[in-house]
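A short worksheet on the structure shown next.
The shown structure was predicted, so the numbers you read here are calculated from the model rather than taken from an experiment. Just so it is clear: chains get the letters A, B, ... in the order the sequence lines come, proteins before strands, and each one is counted from 1.
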Protein chains: 2
Amino acid sequence: VRRGGRRSGHSGTREAVLTAAQRQFSELGFDRATMRSIAVEARVDQKLVAYFFGSKQALFVAATELPFDPAEAIHSVLSGDPARIGERLAHLILGMLDNPAAGVRLIGLVRAAAAEPEAARMVRDLFTREIWAPAAAQVPARQPELAVSLVATQVLGLVMARYVICTEPLASLDSETVAAAIAPTLQRLVTGVETEAETAASRRRSC
Amino acid sequence: VRRGGRRSGHSGTREAVLTAAQRQFSELGFDRATMRSIAVEARVDQKLVAYFFGSKQALFVAATELPFDPAEAIHSVLSGDPARIGERLAHLILGMLDNPAAGVRLIGLVRAAAAEPEAARMVRDLFTREIWAPAAAQVPARQPELAVSLVATQVLGLVMARYVICTEPLASLDSETVAAAIAPTLQRLVTGVETEAETAASRRRSC
């Protein structure tokens with residue numbers, strides 16, 4: 001796949017593309033940045049960008065770092081009064097999503113995953129490695145992996161309803177009100193009342 | 001915008017495009033159907049398809065009918081034992097999403113909304129008109145609009161986690177187990193324990 005590009009295959013190519021992508025996605029936003037404009041800035045043939053990353057969505061996921069330290073976030077939620085885990089988690093989530101710089105990255109990751117299967121796989125790998133697996137190792141639920149994946153449904157659904165589809169009244173409410181509304185659900189999930197669900201005996205679907 | 005297409009502006013054009021889109025999206029799937037192939041089948045200039053519908057995502061939303069009768073669904077969930085509303089709603093949701101024909105439409109609507117702002121607006125209008133507003137008129141929660149939008153986060157998040165991002169173990173679990181895991185959350189939301197959230201006093205964000 002080496003073609004007429006200015007860079008073509010040496011080890012710095014991928015990094016040059018990622019650096020250009022990070023800058024353009026954060027300055028121009030996802031829609032205005034293009035594979036072409038990123039290739040031009042990275043001094044790489046556009047075909048090589050497509051070869052390395054596939055789609056613009058997949059490039060976005062590869063170029064996006066989580067806007068928080070997962071280990072620190074998990075620690076801050078799980079230490080302190082166990083009866084207020086849901087409340088702390090709800091405030092952490094709303095604080096990040098309502099923060100313009102952090103929110104645009106997290107919401108962008110969810111949108112990229114929805115748009116394109118390869119981006120969905122990359123987001124799954126990123127979230128599993130950085131958030132879901134470390135969280136499952138520490139939450140006090142009896143079925144921690146299931147609990148974490150149910151918490152994920154609440155967070156992903158909040159992103160979709162409040163920030164992407166803009167479901168009312170959820171889209172217009174202030175952070176505090178939304179945090180108070182979802183905290184009891186998160187508390188129940190993290191502290192593990194979902195024991196009816198017998199995971200081991202019931203794996204059937206594949207995805 | 002009348003150009004060289006074979007049909008161009010008479011009242012049947014839009015309907016011809018929607019009919020072709022419905023057929024191609026259901027037979028080929030979203031990714032393999034194209035604006036061009038739909039225009040060819042509808043005997044309409046491709047530019048006119050773009051003029052009427054904007055993006056392929058928006059055309060998908062316009063061409064997709066809900067795979068269930070909302071009035072009947074709301075009635076079946078809300079009649080009967082009030083203590084089992086969450087359970088009935090959970091089974092209804094999982095039954096639709098795990099049904100291949102219905103699931104592909106509902107998951108497709110969520111993916112289209114995530115991919116493109118105009119499609120997001122159309123999905124919001126469709127869900128608000130057909131599901132969320134009629135449901136809010138009937139659920140027993142003290143803040144029914146808020147309750148319905150919180151239920152929407154659970155459903156949208158389930159779509160993203162189980163069917164799009166394929167978060168484990170949620171993606172591999174059978175329907176019954178997932179329904180049992182989300183039913184208590186839905187029960188709490190629909191029967192209205194979220195009264196801490198004082199809606200009226202706290203509208204600040206705009207979206």
- [ ] Decide yes or no for A:T153 and B:M160: does some side-chain heavy atom of the first lie under 4.5 Å from some side-chain heavy atom of the second?
- [x] no

Task: Min side-chain heavy-atom separation A:L156-B:V164 under 4.5 Å - done: no

- [ ] Examine distances only and state if a side-chain atom of A:R124 and a backbone atom of B:T167 form a donor-acceptor pair shorter than 3.5 Å.
- [x] no

Task: Under 4.5 Å from any heavy atom of chain B - which part of A:I182 - done: side chain

TODO: Could you look at A:V110 and say if it's the side chain, the backbone, both or neither that has a heavy atom under 4.5 Å from chain B?
DONE: both

- [ ] Evaluate whether atom CZ of B:R84 has more than 12 neighbouring non-hydrogen atoms of other residues, nucleotides or ligands under 6.0 angstrom away.
- [x] no

Task: Verdict with reasoning, A:L146 to B:L173, per side-chain contact (heavy atoms from CB on, under 4.5 Å) - done: CA-CA 10 Å; A:L146 179 59; B:L173 290 171; 3.5 Å; yes

TODO: Could you tell me the separation between the CH2 atom of A:W132 and the CD1 atom of B:I165, rounded to the nearest 0.5 Å?
DONE: 5.0 Å

Open item on the list: With a 4.5 angstrom heavy-atom cut-off, is it the side chain or the backbone of B:T128 that approaches chain A, or both, or neither?
Closed with: neither

Open item on the list: Does any backbone or side-chain atom of B:V159 lie under 4.5 Å from a heavy atom of chain A? Answer side chain, backbone, both or neither.
Closed with: neither

TODO: Pick whichever of A:E116, A:R111, A:E145 has the most heavy-atom pairs under 4.5 Å with chain B.
DONE: A:R111

- [ ] Using only heavy-atom distances, determine whether the side chains of A:S149 and B:E168 contain a donor-acceptor pair under 3.5 Å.
- [x] no

Open item on the list: Quick check: closest heavy atoms across A:L150 and B:A181, and the distance to 0.1 Å?
Closed with: CD1-CB, 3.8 Å

